[in-house]
Amino acid sequence: MATHAAECRLCERMLVNASAVPICAECLGSFLALGGELCEKCGQPLAAWSLGKRPEDGAAASVECPDCQSREYGFDRARSYALYKAGLVRAIVLQKFERIEPLGRWFAGRLAEVARRESLVADVVVPVPLHRQREKERGYNQADLIAKPLARKLGLPYRAVLLVRTKPRPDKHILSLEERWDSVRGAFATRPGSQVDNLRVLLIDDVMTTGATLDACAKALRGAGAKSVIGLTVARAARQPVVGSGESNPRDAR
Ligand SMILES: [Zn+2]
Ligand SMILES: [Zn+2]
């Protein structure tokens with residue numbers, strides 16, 4: 001395990017500031033923050049699909065992407081800080097293998113900004129849980145490293161044990177889209193005896209890929225009586241067609 005090497009963990013430049021986050025300012029600044037027009041429901045950048053294709057009837061009240069028009073997600077909304085690309089992929093992977101709490105706090109800061117900007121309303125913060133066996137092997141849940149400081153920043157109660165993963169993820173590393181949906185269907189449950197009724201839940205994970213995991217968690221929470229579920233993740237996998245070369249994703253001021 002690395003000691004306090006004063007090098008950026010992504011690019012190996014020497015770290016010059018006194019931050020405890022082991023990633024340099026240039027690398028942190030390279031993350032492609034999501035902004036501009038987003039799907040009202042799932043938060044995907046609408047530019048990915050609809051460049052030049054505005055609704056012709058002029059009904060612009062609620063703009064949803066084709067995915068959301070064809071699928072009923074269990075969550076009310078989903079939002080993310082930035083695109084799952086380049087440096088951010090490596091930062092997220094780093095956090096899956098090493099428990100770097102300052103990085104979790106940095107991500108939490110970005111999510112708190114998204115929560116305020118998007119007016120995300122909630123009563124409690126809940127991390128997407130790992131299966132017990134997986135958490136035992138890893139020693140921690142990476143979503144926990146983000147969700148716990150986020151709850152503190154938002155001044156909301158943190159409920160790490162509200163949800164449990166009852167069905168492990170398949171060992172296979174690469175899952176097709178359909179396998180992803182199958183592997184999480186019914187994989188989560190609320191802990192018996194936990195008070196969920198009427199709660200508005202802010203559900204936190206590191207990455208949203210297909211939305212299947214957030215969907216499965218949200219369905220378990222709604223089934224137990226939650227009033228609403230908003231998914232909030234650090235990273236968001238880009239859909240096809242890929243959004244340009246990044247230019248159409250303006251980097252938000254942080
Ligand atoms: Zn760097
Ligand atoms: Zn959508």
Side-chain angles (χ1 to χ4, degrees), residues 2 4-51 53-55 59-95 97-98 100 102-104 106-107 110 114 118 120 177 180-181 203 205 207-219 228-243 246 248-249 251 254:
H4 259 318
E7 279 182 357
C8 172
R9 297 295 304 277
L10 303 190
C11 74
E12 296 175 5
R13 254 188 290 242
M14 293 301 288
L15 292 172
V16 289
N17 58 8
S19 163
V21 178
I23 296 178
C24 74
E26 285 85 351
C27 286
L28 292 174
S30 74
F31 301 158
L32 298 166
L34 287 163
E37 278 192 275
L38 305 175
C39 168
E40 186 53 37
K41 176 123 191 180
C42 77
Q44 281 287 330
L46 286 173
W49 296 273
S50 60
L51 278 176
K53 276 195 256 167
R54 304 255 54 89
S62 152
V63 187
E64 290 191 352
C65 72
D67 280 354
C68 288
Q69 285 164 20
S70 63
R71 189 188 286 279
E72 196 61 48
Y73 285 117
F75 48 79
D76 297 80
R77 294 167 84 191
R79 291 293 183 269
S80 305
Y81 154 58
L83 273 183
Y84 191 53
K85 278 189 160 190
L88 186 54
V89 175
R90 297 174 57 207
I92 297 270
V93 169
L94 184 64
Q95 211 187 24
F97 291 98
E98 283 180 53
I100 304 176
L103 183 56
W106 189 87
F107 284 145
R110 306 293 76 73
V114 174
E118 298 279 326
L120 305 182
L177 291 187
R180 278 175 185 276
W181 281 93
L203 181 64
D205 207 356
V207 187
M208 173 171 169
T209 309
T210 59
T213 300
L214 293 182
D215 175 76
C217 289
K219 282 178 176 152
S228 64
V229 179
I230 298 174
L232 183 58
T233 70
V234 172
R236 171 75 60 110
R239 290 294 174 82
Q240 301 300 328
V242 173
V243 188
S248 41
N249 289 287
R251 290 179 198 180
R254 270 193 289 274

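For the single chain, residues carry numbers from 1 onward in sequence order. Both counts, for ligands and for their atoms, begin at 1 and track the order of listing.
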Partner set under side-chain hydrogen bond (donor to acceptor under 3.5 Å, both in side chains) for Thr213, not counting sequence neighbours: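 Counting only residues at least two positions away or on another chain, Thr213 forms no side-chain hydrogen bond (donor to acceptor under 3.5 Å, both in side chains).
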
By side-chain hydrogen bond (donor to acceptor under 3.5 Å, both in side chains) - contacts of Arg79 (at least two apart):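 Per chain and number, Arg79 pairs via side-chain hydrogen bond (donor to acceptor under 3.5 Å, both in side chains) with Glu118.
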
Closest contact, heavy atoms only, Phe31 versus Gly87: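 Nearest heavy atoms, Phe31 then Gly87: CE2-C, 3.5 Å.
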
Flag, side chain of Ser80 to backbone of Ala82, donor-acceptor distance under 3.5 Å: no

Count, waters excluded, of protein N, O or S atoms under 2.8 Å from the Zn ion (ligand 1):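 The number of such protein atoms is 4.
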
Metal-centred angle, the Zn ion (ligand 2) as apex - SG of Cys68, SG of Cys39, 10° resolution: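 Result: 110°, to 10°.
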
Tyr84: ring pair (Phe, Tyr, Trp, His ring centres under 6.0 Å) partners, not counting sequence neighbours: none

Pairwise distance CZ(Arg180) to OG1(Thr210) - rounded to 0.5 angstrom: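 Reported value, rounded in 0.5 Å steps: 6.0 Å.
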
